[in-house]
Amino acid sequence: MSEKVLVTRAVLPEFDEYVEEIRDIWDSHWLTNMGAKHNELEAKLSEYLKVDKMSLFSNGHMALELLLQAMNLEGEVITTPFTFASTTHAIVRNGLTPVFCDINADDYTIDVNKIESLITDKTCAIVPVHVYGNICDVEAIDKIAKKHNLKVIYDAAHAFGVEYKGQGICAYGDASMLSFHATKVYNTIEGGAICHSDEALGKRMYQLKNFGIKNEEVVDGIGANAKMNEFQAAMGLCNLRHVDDSIAKRKVLTDRYRELLADVNGVKMCNEQKDVKHNYAYLPVYIDATAYGHNRDELWEHLKEYDIYARKYFYPLTSAFDCYEGRYDVNATPVALDASKNILTLPIYPDMQLDVVDRICECISKYAV
Ligand SMILES: *Cc1c(COP(=O)(O)O)cnc(C)c1O
């Protein structure tokens, strides 16, 4: 009947624009290892995102993992379980212990009122997540971190281009991780970055993403391989020219969803955050089964029958993953647990047509009781 609507669709530049961008690579024969495209992208992205320093990586996960290694952290890290696998895995893979803090029910970011009771003499850092591009309470987190002498590292994978009070969101904290995966607001096919303002930290990350190699004869870090290659950077240079347009289109779609879902009982969208320039990365709706008449999972199945593929994002909580069985108590973060059971993210991507939003919203409102 109608075309399949997936939750997202990767943004691509015009084919000819990319071909033009990669022509230089054929001239230089320089394919990877911090080449000209890589360096150009690093400079242009730092400017666009209003951050001091940036280090590019092959993907967001390796960026976070190697950042934690470069910071020489030890002990416990306060974080949230309502996130993508990457956040928790990066902590655990560094030999650190995640301590799960609950989230708040308004924007699904870390509940700043619950952080301090989790701090012990082993706590070394806080790793909050700007979930769906909704920003954490960066000011409260900064205060707590300063008081207890903790590092703050944001998982900003969802927050590309988000600004708070005119500042780039990645300028907050000691460092922020961005993901440029195909499914994100801005992509370099796969890719990621750490934004920071510490030259020594930048140097350590530069070495760690290239096997810990310091120079031709000295290897002084147990590094990995996580370099962004020239084809990724070329895609990034092309997509950067169009990202403002992408975000503007996402806003139009979000406004339409907001208008059409406003009167549907039991379907709740996030409020717009104050002083925030948003990126409209995701379209999460909270389904209150009592008011709506069906629960989240039922709506998810119902939409599939109409070729609409929404996502249970994030479900399950990372603390409930099979690989962590028996280690964490999901009931210790009841708001996060509830969010994981009741939130559905609806399709949104820049070249989606408004009548598709109409179709999705009609499907949701007609299914209500
Ligand atoms: C996408 C994502 C990551 C990982 O980024 P990759 O570039 O896919 O490695 C980390 N955290 C969150 C919250 C994400 O959504």
Side-chain angles (χ1 to χ4, degrees), residues 1-11 82-84 103-109 130-135 158 162 183-185 245-274 276-317 334-369:
M1 187 185 71
S2 43
E3 219 181 307
K4 265 191 189 178
V5 185
L6 303 183
V7 74
T8 190
R9 190 158 183 260
V11 176
F82 190 66
T83 182
F84 187 58
I103 59 174
N104 71 69
D106 298 322
D107 56 31
Y108 313 115
T109 64
H130 298 306
V131 183
Y132 305 132
N134 291 340
I135 67 162
H158 291 185
V162 173
T183 55
K184 304 295 205 279
V185 164
D245 180 50
S246 292
I247 292 171
K249 287 176 172 162
R250 287 174 177 279
K251 181 179 179 354
V252 172
L253 295 160
T254 302
D255 288 346
R256 182 75 144 230
Y257 268 117
R258 203 177 277 289
E259 182 193 328
L260 296 177
L261 293 177
D263 299 328
V264 185
N265 275 335
V267 177
K268 193 190 111 196
M269 278 175 68
C270 295
N271 293 321
E272 300 237 8
Q273 291 182 308
K274 213 171 141 275
V276 173
K277 183 177 154 228
H278 200 31
N279 65 1
Y280 309 96
Y282 298 88
L283 206 298
V285 289
Y286 182 96
I287 308 301
D288 175 350
T290 316
Y292 182 63
H294 298 281
N295 64 30
R296 187 271 310 267
D297 291 354
E298 287 165 346
L299 176 59
W300 181 65
E301 291 290 352
H302 179 74
L303 290 172
K304 278 202 277 187
E305 284 168 27
Y306 290 81
D307 272 335
I308 298 160
Y309 294 84
R311 230 182 118 186
K312 302 179 195 180
Y313 195 59
F314 303 98
Y315 175 84
L317 295 180
V335 181
L337 186 61
D338 180 73
S340 77
K341 288 176 180 166
N342 295 303
I343 288 175
L344 199 59
T345 57
L346 301 176
I348 186 166
Y349 44 87
D351 59 1
M352 188 173 170
Q353 299 300 306
L354 278 173
D355 62 355
V356 177
V357 178
D358 297 352
R359 199 179 113 204
I360 295 168
C361 292
E362 192 188 339
C363 206
I364 294 171
S365 62
K366 278 192 175 161
Y367 191 48
V369 290

Inset, instruction - State whether Arg9 and Asp351 are salt-bridged, where the test is any N-O pair (Lys NZ or Arg NE/NH1/NH2 against Asp/Glu carboxylate O) under 4.0 Å. - result: yes

Inset, instruction - Before accepting this row, confirm whether a basic side-chain N of the pair Asp297/Lys341 lies closer than 4.0 Å to the acidic partner's carboxylate O. - result: no

Can you tell me if [X] uses its side chain to pair, donor with acceptor, with the backbone of [Y] under 3.5 Å?
{"X": "Trp300", "Y": "Leu344", "result": "no"}
{"X": "Thr345", "Y": "Arg311", "result": "yes"}
{"X": "Gln273", "Y": "Ile135", "result": "yes"}
{"X": "Arg296", "Y": "Ser340", "result": "yes"}
{"X": "His294", "Y": "Tyr367", "result": "yes"}
{"X": "Asp307", "Y": "Glu3", "result": "no"}

Quick one: closest heavy-atom pair of [X] and [Y], and the distance?
{"X": "Asn295", "Y": "Ile287", "answer": "C-CG2, 4.1 Å"}
{"X": "Gly266", "Y": "Ala291", "answer": "CA-CB, 3.6 Å"}
{"X": "Ala339", "Y": "Ile103", "answer": "CB-CD1, 4.1 Å"}
{"X": "Lys184", "Y": "Arg250", "answer": "O-NH2, 4.4 Å"}
{"X": "Leu317", "Y": "Ala336", "answer": "CD2-O, 3.5 Å"}

Side-chain heavy atoms of [X] within contact of [Y], under 4.5 Å:
{"X": "Arg258", "Y": "Glu272", "value": "yes"}
{"X": "Ile360", "Y": "Met352", "value": "yes"}
{"X": "Cys363", "Y": "His302", "value": "yes"}
{"X": "Leu354", "Y": "Val252", "value": "yes"}
{"X": "Ile343", "Y": "Phe82", "value": "yes"}
{"X": "Lys277", "Y": "Val162", "value": "no"}
{"X": "Thr8", "Y": "Pro347", "value": "no"}

[X] [atom1] to [Y] [atom2] distance, which is reported to the nearest 0.5 Å:
{"X": "Asp355", "Y": "Arg256", "atom1": "CG", "atom2": "CZ", "result": "8.5 Å"}
{"X": "Asp358", "Y": "Gln353", "atom1": "CG", "atom2": "CD", "result": "11.0 Å"}
{"X": "Glu362", "Y": "Arg359", "atom1": "CD", "atom2": "CZ", "result": "10.0 Å"}
{"X": "Tyr257", "Y": "Tyr280", "atom1": "OH", "atom2": "OH", "result": "15.5 Å"}
{"X": "Leu283", "Y": "Thr254", "atom1": "CG", "atom2": "OG1", "result": "5.5 Å"}
{"X": "Ile364", "Y": "Leu260", "atom1": "CD1", "atom2": "CG", "result": "9.5 Å"}

Inset, instruction - Quickly, which of Asp263, Asn265, Val264, Val267 forms a side-chain contact (heavy atoms from CB on, under 4.5 Å) with Ser365? Name it, please. - result: Val264

Inset, instruction - For a side-chain contact (heavy atoms from CB on, under 4.5 Å) with Tyr292, tell me which candidate from Asn342, Val285, Val369, Leu299 qualifies. - result: Leu299

Inset, instruction - Any chance you could lay out the ring-ring contact (aromatic ring centres under 6.0 Å, His included) test for His130 and Tyr108, step after step, and finish with the verdict? - result: CA-CA 9 Å; His130 298 306; Tyr108 313 115; over 10 Å; no

Legend entry - Side-chain donor-acceptor pair present, Tyr132, Asp107, cut-off under 3.5 Å: no

Inset, instruction - State yes or no: are the ring centers of Tyr313 and Tyr282 separated by less than 6.0 Å? - result: yes

Inset, instruction - Evaluate side chain to side chain contact (heavy atoms under 4.5 Å, CB included) for Leu253 paired with Val356, printing each intermediate quantity in order. - result: CA-CA 10 Å; Leu253 295 160; Val356 177; over 6 Å; no

